[in-house]
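Heads up, the thing below is written out as structure tokens.
Residue numbers begin at 1 in each chain, while the letters A, B, ... track the order of the sequences.
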There are 2 protein chains.
Amino acid sequence: MAQQPDTVTRILDTAEVLFAERGFAETSLRNITSKAKVNLAAVNYHFGSKKALIQAVFARYLDPFTFRFHAALDELEARHEGGVIPLEELLETMARCVLEVPAERNSLKVFMRLLGLAYSQAQGHLRRYIQEEYGSAFSRFTELVRLATPELPDAERFWRLHFMLGTVIFTLSGLDALRDIAEQDYGERVGVRDLVRRMRPVVVAAMNAPLPESLHTQQEAG
Amino acid sequence: MAQQPDTVTRILDTAEVLFAERGFAETSLRNITSKAKVNLAAVNYHFGSKKALIQAVFARYLDPFTFRFHAALDELEARHEGGVIPLEELLETMARCVLEVPAERNSLKVFMRLLGLAYSQAQGHLRRYIQEEYGSAFSRFTELVRLATPELPDAERFWRLHFMLGTVIFTLSGLDALRDIAEQDYGERVGVRDLVRRMRPVVVAAMNAPLPESLHTQQEAG
DNA sequence: CGTGATTAGAAACATTTGTTTGAATGTGGC
DNA sequence: GCCACATTCAAACAAATGTTTCTAATCACG
């Protein structure tokens, strides 16, 4: 019988699945420890608190991701020798890095769902943690996108990037439910990579869409 | 001094704000009742349970929305006399209905955040409730979109609609945080209607994007 | 007024939560 | 063997949760 992974890994493996399925507040430490066949106190012993466990779950994905991502951007910049990197290559690179990291554990679904939760769940500590630890990678990416889309006003590019972030996170984090509907209605079993392929022309077209008509300022309350 | 609204309304008003800010599980009935200056037992008395309160919060938005939406689609269909309704008009109509309903209470932000939570938070009872109560409106809309985009394969249109749903819900439900960043970085205070105006060309371009390159592994199997 | 139904209120209920404790067990070095 | 250390474990902790109960107040109306 294959040797069980150690306690810390078992906790992380179980926690990320339960968090992804039910959210942070809805997942108790007893849920995690019982399913992981680990003593309840082990979480506080190894991680210190539930908050720290949540951050550790994220770090296990984001640390290798940012490492790969920075390396890929380094390579991309070197290949273009200081010139402008085309938008499609930037998007392609980001997509590749996002796909590669969880591929090792076949847990892309979990990774995406966690990203979605990081945005949607309150968890102020999580937002702060992610921003402080991994904000630089995102800043670097947006700066490269800026160089690749000089015709876009800064604010417009900012919003469009977040529009597309919404597309990706929303779709991939709700993948299971959507996939069931799609399979049932269209008899087509889609994988994550099918979806990424479908997203590519959509994202590119969205980023290159014409500017909104009237940019005259209009007031609005509330 | 303006007369206080009755207990039921005070509970709903307070609950929707707290739910939108912190999520369902993170908002306790005591949070709600104390802020609403209402007795704790009032929630269970008037609504029956916390789950029922959550559903009531959604119903207060979705009931008038679906009513208006169906009426607007009726009017649109009548105006086109059985002909095809252009995609832009469909999107415009949906956007208008979404904007109109919460406008009465200046709570579009809350409405959008609630929609985002309905997707991201587990709350199986909520998904089921929304699907059963309001699924028909969405079905009707998607059917009209199908007629408006006959060149799109059904599966492709399904996914693109959800891509755009992600764009809208993700952006508008995380509006506060994003708005702060945008204001700080670009000195531009955006309102919800500014965002909708920015989204319009993006959504249209996304729906009209070219098909993904290789659809070679498309199987008919069931 | 008075009577009966409806609503408000304070207190208690049983669970569940994250966390801490202190003893038991295991592990590696000398 | 023996010691120091790290880890596991069962138990208990205080606090918070949704819900229920029962009494008091309020209202509608004959």
Side-chain angles (χ1 to χ4, degrees), chain A residues 1 3-60 114 117-118 121-126 128-129, chain B residues 1-60 114 117 121-126 128-129:
Chain A
M1 169 174 170
Q3 177 178 335
Q4 287 251 43
D6 65 359
T7 304
V8 174
T9 310
R10 275 223 303 291
I11 292 176
L12 286 173
D13 286 346
T14 311
E16 70 172 25
V17 172
L18 292 181
F19 285 155
E21 282 176 359
R22 305 139 68 148
F24 305 118
E26 294 89 342
T27 302
S28 71
L29 294 185
R30 284 171 177 82
N31 287 156
I32 298 170
T33 55
S34 68
K35 187 171 183 188
K37 292 197 186 2
V38 154
N39 189 272
L40 169 62
V43 170
N44 289 279
Y45 176 77
H46 287 287
F47 297 93
S49 69
K50 187 181 180 181
K51 284 185 182 181
L53 170 63
I54 294 175
Q55 295 178 359
V57 165
F58 275 84
R60 201 161 61 136
L114 290 176
L117 288 178
Q121 306 251 122
Q123 298 290 347
H125 71 96
L126 226 193
R128 252 175 283 125
Y129 171 77
Chain B
M1 167 172 163
Q3 176 179 337
Q4 287 253 44
D6 66 359
T7 304
V8 173
T9 310
R10 276 223 303 290
I11 291 176
L12 286 173
D13 286 346
T14 311
E16 69 173 25
V17 171
L18 292 181
F19 285 155
E21 282 176 357
R22 303 137 71 149
F24 305 118
E26 296 88 341
T27 302
S28 70
L29 293 185
R30 285 169 177 83
N31 287 154
I32 297 170
T33 55
S34 67
K35 188 171 181 187
K37 293 197 185 7
V38 155
N39 189 272
L40 169 62
V43 170
N44 287 281
Y45 176 76
H46 286 286
F47 296 93
S49 68
K50 187 181 179 181
K51 283 184 181 180
L53 170 62
I54 295 175
Q55 295 178 0
V57 165
F58 275 84
R60 201 163 60 137
L114 289 176
L117 287 178
Q121 306 251 120
Q123 299 288 346
H125 72 97
L126 226 193
R128 250 175 285 126
Y129 171 76

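A straight line from NZ of K37(B) to P of dA10(C) spans 14 Å, rounded to a whole angstrom. As a whole-Å value, the separation of L18(B) CG from dG18(D) C1' is 16 Å. Across the protein-nucleic acid pair, E26(A) atom CD and dA16(D) atom C1' stand 16 Å apart, rounded to whole Å. Rounded to a whole Å, the CG atom of N44(B) is 19 Å from the P atom of dT6(C). Taking atom CZ of residue R22(B) and atom C1' of nucleotide dA16(D), one finds them 13 Å apart after rounding to whole Å. Rounding to whole angstrom units, CD1 of residue I11(A) and C1' of dT19(C) are separated by 14 Å. Between I32(B) atom CD1 and dG18(D) atom C1' the separation is 11 Å, expressed in whole Å. In this structure, R30(A) atom CZ and dG18(C) atom P are separated by 7 Å, rounded to whole Å.
Considering only heavy atoms from C-beta on, I32(A) comes within 4.5 Å of L53(A) through its side chain. Between K50(B) and V43(B), the closest side-chain pair of non-hydrogen atoms is not below 4.5 Å. At least one side-chain heavy atom of N44(A) sits under 4.5 Å from a side-chain heavy atom of L29(A). At least one side-chain heavy atom of F47(B) sits under 4.5 Å from a side-chain heavy atom of L12(B).
One finds a side-chain N or O of S28(A) lying less than 4.0 angstrom from the OP1 or OP2 phosphate oxygen of dT17(C). When the side-chain nitrogen and oxygen atoms of N39(A) are compared with OP1 and OP2 of dA10(D), one or more of them lie within a distance under 4.0 Å. For dA8(C), one of the phosphate oxygens OP1 or OP2 lies less than 4.0 angstrom from a side-chain nitrogen or oxygen of T7(B).
Not a single donor-acceptor pair under 3.5 Å links the side chain of D13(A) to the backbone N or O of R10(A).
The NZ atom of K35(A) sits 7.0 Å away from the OG1 atom of T14(A) when rounded to the nearest 0.5 Å.
Between F19(B) and F24(B), the ring-plane angle classifies as perpendicular under the 30° and 60° cut-offs.
Distance from the side chain of L40(A) is smallest to dA11(D) among dT17(C), dA11(D), dT19(D).
Looking at heavy-atom distances under 4.0 Å, A41(B) makes contact with a base. Using a 4.0 Å heavy-atom cutoff across all strands shown, T27(A) reaches sugar-phosphate atoms only and no base atom.
Contacts between residues 45-54 of chain B and DNA chain D, defined by a heavy-atom separation under 4.0 Å, are made by S49(B), K50(B).
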